[in-house]
Amino acid sequence: MPPTSPTRETAHTPDHRVTTVIDWFHREARDLPWREADRTPWGVLVSEVMLQQTPVVRVLPVWREWMERWPTPRDLAHATQADAVRAWGRLGYPRRAKRLWECALVLVERHNGHVPSSREDLLALPGIGDYTAGAVRAFAFGERDIVLDTNIRRVIGRAWRAEPLPAAHQTRAERELADSLVPASAPASVAWNAGSMELGALVCTARAPKCAECPLRHDCAWIAAGSPGLDDAPRRTQAWHGTDRQVRGRIMALLRESRGPLALDEHCALDDVDADQRHRALTGLVADGLITKAADGYSL
DNA sequence: AACCCGGGGCT
DNA sequence: AGCCCAGGGTT
């Protein structure tokens, strides 16, 4: 048996903070349907796309409806894009529904109706980026991978680097630190990925962290430094009222609820919207492939 | 690197 | 009323 060098020993001994998060997760994990033993890779993929920028409580009912209607990629591939966009409801960012539907078509055509498990194949799917590819590999297939969403970035930034909030863009150093923290064994890596994400979502939240209940409160570099910098950290304010995004959302809502085409260029429900902005929203939605325009009006 | 893209619930 | 949030694609 070869002697183990100190550096290798260090690299393979999990940081005790990682172990603490894993233990906490085994005690406190929420019961979510896409975490059940009977979950499918397709269900996990759908959940991850829905959870991009949308909180769990809003995703739950829509995910259940999708799984009931379209339990496999083949089922969704037999539906229309309009069906998918309607069933998306008010989750927001409806391009995700379109891409999920396109995803189902690709899975049928190129992967025999199954979700692939390699990073390369996953990244080639529409709407699947770096985060979602890692999440599907970890949570659907139990593979060891790096999953670096905003929650995990915040937990690592605070507990290991004493930083109040993650920077706008990932750095190489951050990526390497995150990589070094992922346990070597696949099951432990999955528990770390899910657990650090859960900790960030429930306890180590962005603006009002519940440090008193945190399993890392005695080991957190940020707390040890006096929890600096949170109040004066820049806020990402995003206007909403009167924006193009709001108008697009209103148009999508009108079309979801309409059975036939709508003459939206002169629709009374959009009377309060500036004509230029209305036109911009409509042409943008057509360009995005979310709606179509015909002689009798717009439809999904 | 910068920009665009929803929406609801909480404080 | 303001603030928060399980990203991805395009330019």
Side-chain angles (χ1 to χ4, degrees), chain A residues 25 29-30 32-35 43-63 85 88-100 102-103 122-140 145-155 164-171 190 192-210 230-231 233-256 277 280-281 283-291:
Chain A
F25 182 64
R30 289 172 289 184
L32 300 174
W34 46 85
R35 289 178 179 165
V44 172
L45 189 154
V46 171
S47 79
E48 289 299 340
V49 172
M50 289 182 172
L51 289 165
Q52 295 167 0
Q53 311 282 293
T54 306
V56 166
V57 286
R58 293 180 50 207
V59 164
L60 274 170
V62 182
W63 183 87
V85 170
W88 192 255
R90 311 185 70 82
L91 282 186
Y93 296 118
R95 281 191 281 216
R96 293 184 291 165
K98 173 183 168 67
R99 289 177 182 146
L100 216 31
E102 293 168 340
C103 199
L122 284 165
L123 286 173
L125 298 172
I128 308 298
D130 190 59
Y131 162 76
T132 309
V136 169
R137 281 174 47 71
F139 306 141
D145 206 334
I146 310 175
V147 180
L148 205 50
D149 79 321
T150 187
N151 286 318
I152 299 183
R153 293 184 66 209
R154 191 170 57 248
V155 169
L165 290 170
H169 298 287
Q170 293 181 23
T171 64
V190 172
W192 158 250
N193 284 329
S196 53
M197 201 179 300
E198 189 91 332
L199 188 66
L202 299 181
V203 178
C204 193
T205 55
R207 294 289 167 178
K210 303 171 179 66
L230 196 51
D231 291 335
R235 298 167 185 277
R236 66 158 120 140
T237 53
Q238 166 174 275
W240 173 243
H241 270 289
T243 60
D244 287 5
R245 297 162 74 149
Q246 187 190 29
V247 176
R248 288 170 54 108
R250 288 175 59 185
I251 292 168
M252 291 303 292
L254 287 169
L255 290 178
R256 277 198 308 271
Q277 187 177 38
R280 193 163 60 240
T283 54
L285 287 168
V286 171
D288 290 343
L290 284 169
I291 68 176

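Lettering follows sequence order; numbering is per chain, from 1. Since the structure is predicted, the reported quantities are computational estimates derived from the model, not experimental observations.
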Please determine, for the side chain of [X], which listed nucleotide ([options]) has the closest atom?
X	options	result
A/R207	C/dG7, C/dG9, C/dC3	C/dC3
A/Y131	B/dA2, B/dG6, C/dG8	C/dG8
A/H169	B/dC5, B/dA1, C/dG9	B/dA1
A/T150	B/dG6, B/dA2, C/dG7	C/dG7
A/R90	B/dG6, B/dG7, C/dG8	B/dG7

Does any N or O in the side chain of [X] come within less than 3.5 Å of the main-chain N or O of [Y], such that one atom is a donor and the other an acceptor?
X	Y	result
A/R35	A/R30	yes
A/T205	A/L202	no
A/W63	A/G43	yes
A/W88	A/G92	yes

In whole Å, I'd like the distance from the [atom1] atom of [X] to the [atom2] atom of [N].
X	N	atom1	atom2	result
A/L230	C/dC3	CG	C1'	13 Å
A/D130	C/dG9	CG	P	10 Å
A/R153	C/dC4	CZ	P	16 Å
A/R95	B/dC4	CZ	C1'	6 Å
A/R96	B/dG6	CZ	P	10 Å
A/L290	C/dG9	CG	P	14 Å
A/Y93	B/dG7	OH	P	10 Å
A/L125	C/dG8	CG	C1'	13 Å

Mind checking [X] for me? I need base, sugar-phosphate or nothing, with any heavy atom below 4.0 Å counting as a touch.
X	result
A/R35	base
A/D288	nothing
A/L32	base
A/I152	nothing
A/R154	sugar-phosphate
A/W34	base

Quiz item: Just wondering, do A/V85 and A/M252 contact through their side chains at under 4.5 Å, heavy atoms?
Solution: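 Yes, side chains in contact.
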
Quiz item: Which whole number of Å gives the distance between the P atom of B/dG8 and that of C/dG8?
Solution: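 It comes out at 23 Å once rounded to the nearest Å.
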
Quiz item: Does a side-chain N or O from A/T132 land closer than 4.0 Å to OP1 or OP2 of C/dG8, or not?
Solution: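 So the side-chain polar atoms of A/T132 do come within 4.0 Å of the phosphate oxygens OP1 or OP2 of C/dG8, strictly under.
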
Quiz item: Phosphate oxygens OP1/OP2 of B/dG6: is one of them under 4.0 Å from a side-chain N or O of A/R248?
Solution: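 Affirmative; the distance criterion is met.
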
Self-check item: Base of B/dG6 paired with side chain of A/R245 (donor-acceptor, under 3.5 Å)
Solution: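 Yes, the side chain and the base share a sub-3.5 Å donor-acceptor pair.
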
Quiz item: Taking atom types as they are modelled, is there a donor-acceptor pair under 3.5 Å from the base of B/dG6 to the side chain of A/T54?
Solution: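 Flag set: donor-acceptor pair detected.
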
Quiz item: Would you call A/D288-A/R248 a salt bridge at under 4.0 Å N-O?
Solution: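 So A/D288 pairs with A/R248 through a salt bridge.
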
Quiz item: Which residue, A/R58 or A/A133, contacts DNA chain C at a nucleotide closer to its 5' end, judged by nearest heavy atom?
Solution: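 Its nearest nucleotide being more 5', the pick is A/R58.
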
Practice problem: For A/D149 and for A/P126, locate the closest nucleotide of DNA chain C by heavy-atom distance; then report the residue assigned to the nucleotide nearer the 5' terminus. | Solution: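 Result: A/D149.
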
